[in-house]
Amino acid sequence: MPEEAGFPPAKRFRPGAGPPRRAGSCPPGRRVVMLLAAGGGGGGGGRRQQPPLAQPSASPYPEAVELQRRSLPIFQARGQLLAQLRNLDSAVLLGETGSGKTTQIPQYLYEGGIGRQAIIAVTQPRRVAAISLATRVSDEKRTELGKLVGYTVRFDDVTSEDTKIKFLTDGMLLREAISDSLLRKYSCVILDEAHERTIHTDVLFGVVKAAQKRRKELGKLPLKVIVMSATMDVDLFSQYFSGAPVLYLEGRQHPIQIFYTKQPQHDYLHAALVSVFQIHQEAPCSQDILVFLTGQEEIEAMSKTCRDIAKHLPDGCSSMLVLPLYASLPYAQQLRVFQGAPKGCRKVIISTNIAETSITITGIKYVVDTGMVKAKKYNPDSGLEVLAVQRVSKTQAWQRTGRAGREDSGVCYRLYTEDEFEKFEKMTVPEIQRCNLTSVTLQLLAMKVPDVLTFDFMSKPSPDHIQAAIAQLELLGALENKDGQLTLTPIGRKMAAFPLEPKFAKTILLSPKFHCTEEILTIISLLSVDSVLYNPPSRRDEVQAVRKKFISSEGDHITLLNIYRAFKNTGRNKDWCKENFVNSKNMMLVAEVRSQLRDICFKMSMPIASSRGDTESVRRCLAHSLFVSTAELQPDGSYATTDTRQPVAIHPSSVLFHCKPACVVYTELLFTNKCYMRDLCVVDAEWLYEAAPDFFRRKLRASRN
DNA sequence: GAGCACTGC
């Protein structure tokens, strides 16, 4: 990169109006049923309404903890909040980051005697959040974690009979709903971070609404539902819960100055580079920069360019510590973003949207937002998932901007014009409308939802979309049609018990027939976590040499099986992982997943046999369960799927990349520049006909017509 | 011929 690129022309930005309608000011005209003034000098009246528990004289806590709780903006509104929440079945709570809503509301409810008859559940989209929030709240209550306050996430249940406030992942509550769709354990469910609209939260909206209604009809303990959101788009939540009131809480966000570009930027990477060095030249070096890009490759390239330019800066310029950040980066390298830069050195973090929600870095003064994101879209017609670089939504842009104002006032450079911004989508399309619904549909059927096609989703997926999922489940033998009513077959019910994609659950359930359950458990565990293979681009030759000894000409599944075996035989050694370019953290997770899946098999009294060295039975088992995902070699040397004749290619990460097997099953199709098959296994076409004669006969006829 | 945003059970 030429040096002149580092020194930008004079200001190319123009100031924006600032965050006009952030959750920082309640916009006029919004239907906020009740306004809770909090923080500042707002809340004089609230104090008289406080129940005695919150008064210092009655407080069992040391003064410091109590003072800290009292200093939160939300505290002033405590009395009003409790008075409201006591009488409401459902409420929507709009609270900015830093308002303290997530840690305080569950405590207020408990202290106020609301929901004490049973457990108060607080859901989170992420495990770490559930764990750290539970830890903090149990500290504030001066109780041992797992007693009054606990958490439940996959692999980790820190609760007891005494637990009254329980933090859990939204996926975990959804799983609980399969065995008890009325959520009888709970008196109150708080759905936090609802604005993120994860697929699990979206399904939970429907589940809690139905449970609330049904419990009322049955005259059981009422279920209180509180939806918490950090963005202004709460009308939808309110409407969905029959016009539930919106309670508004002010937070503690610092002002952020926003600059837009004057002209649209055709090369956002170059624009980002220029902005970084413009800031670097002008701002004190103690102020760190966070840049949002779209993916690993882009981030690594940009990091290198920044380092190269920073090396050749003129005297007097401070130095620069450039840190990439993305999910597949090894954990130790991710941690570096939390360490302070050496004196006289500026930290520049170049990140994917992982820094938007999942990872919060302190000390960020400047945010550079390219306005781009890599995200998945789903096409129900073709069943294809497309991973594409696209524009962010307005809410996403505000989320990024907010990362600049966490401790102090900040600045956000938006690498697009204000007009462009106005044309961004208002909200990110909820995940439930963007991904394959096979798992969700299976779960809803396991909860005995009367009709999945008319299930009360807050944002309905298209009927085609649900129909595609039903068709997939039918092929897997999970469904039967009883008098026009869809119900699960015994196999389907068993599939729902596994925390896996239905087709993977089916693979496990079929494995006893092929006497290879041990091997299949390993393979499915490996497929259901992030790749255990670490491929640093700079050491490609080394990686290839080391990996050679594991590679099987039978494909990726058998290769992965070989790697896991070697890992196990060395006693799960971390040094072995390092030498063999294996991600040890993911490998440990594989072992954990495997033992969970094995436990579920035990509970079903499944025989667990090993095929020992026989890999053919393993591949037969894969062929029998993954037959819908098959591709065949065409006369011209390309591949096409058996199902829809979609042209596909072998992904470069596959061990079969340079091979041309006649027939393969794959575990995933991904559309980037091309349509790629990932994780391939060489199979015999005959096995497939054996597995699903009807399916392939139909396909054959279809291709002849 | 050549590549993978982020979660979660």
Heavy atoms only, 4.0 Å cut-off, all strands: where does [X] land among base, sugar-phosphate and nothing?
X        : answer
A:Arg540 : base
A:Val153 : sugar-phosphate
A:Ser653 : base
A:Arg126 : sugar-phosphate
A:Leu387 : base

Inset, instruction - Measure from NZ or CZ of A:Arg539 to the centre of the six-membered ring of A:Phe581, then state whether that distance is under 6.0 Å and the direction lies within 45° of the axis. - result: no
Legend entry - Result of checking A:Gln399, A:Arg400, A:Arg403 against A:Glu356 for side chain to side chain donor-acceptor pair (under 3.5 Å): A:Arg400
Legend entry - Presence of salt bridge, A:Glu298 and A:Lys374, under 4.0 angstrom: no
Legend entry - Ion pair check, A:Glu385 and A:Arg434, cut-off under 4.0 Å: no
Kindly list each side-chain donor-acceptor pair under 3.5 angstrom involving residues 661-674 of chain A, sequence neighbours excluded, with atom names and distances?
| from | atom 1 | to | atom 2 | distance (Å) |
| --- | --- | --- | --- | --- |
| A:Thr667 | OG1 | A:Arg678 | O | 3.3 |
| A:Thr667 | OG1 | A:Asp679 | OD2 | 3.4 |

Inset, instruction - Between A:Gly295 and A:Gln443, name the one whose nearest nucleotide on DNA chain B is closer to the 5' end. - result: A:Gly295
Inset, instruction - Return the 5'-most residue of the pair A:Lys376, A:Ser439 with respect to DNA chain B, ranking by each residue's nearest nucleotide. - result: A:Lys376
Inset, instruction - Spell out, as yes or no, whether a donor-acceptor pair under 3.5 Å connects the side chain of A:Gln390 to the backbone of A:Ala375. - result: yes
Legend entry - Other residues, nucleotides, ligands: >12 heavy atoms within 6.0 Å of A:Lys377 NZ: no
Inset, instruction - Inspect the surroundings of NZ in A:Lys394 and state if more than 12 heavy atoms from other residues, nucleotides or ligands are less than 6.0 Å away. - result: yes
Inset, instruction - Using ring-ring contact (aromatic ring centres under 6.0 Å, His included) as the criterion, list what pairs up with A:Phe504, not counting sequence neighbours. - result: none
Inset, instruction - Using heavy atoms and a sub-4.0 Å distance, could you list which residues of residues 580-599 of chain A are near DNA chain B? By number, please. - result: none
Legend entry - Proximity to DNA chain B (any heavy atom under 4.0 Å), residues of residues 495-502 of chain A only: A:Pro499, A:Leu500
Legend entry - Worked verdict on A:Tyr268 versus A:Tyr416 for ring pair (Phe, Tyr, Trp, His ring centres under 6.0 Å): CA-CA 9 Å; A:Tyr268 66 85; A:Tyr416 37 87; over 10 Å; no
Legend entry - Nucleotides bounding contact with chain A, strand DNA chain B, heavy-atom threshold 4.0 Å: B:dG1 to B:dC9
Inset, instruction - Return each pair, listed once, that meets side chain to side chain donor-acceptor pair (under 3.5 Å) where at least one residue sits in residues 127-137 of chain A; pairs must be two or more places apart or across chains. - result: none
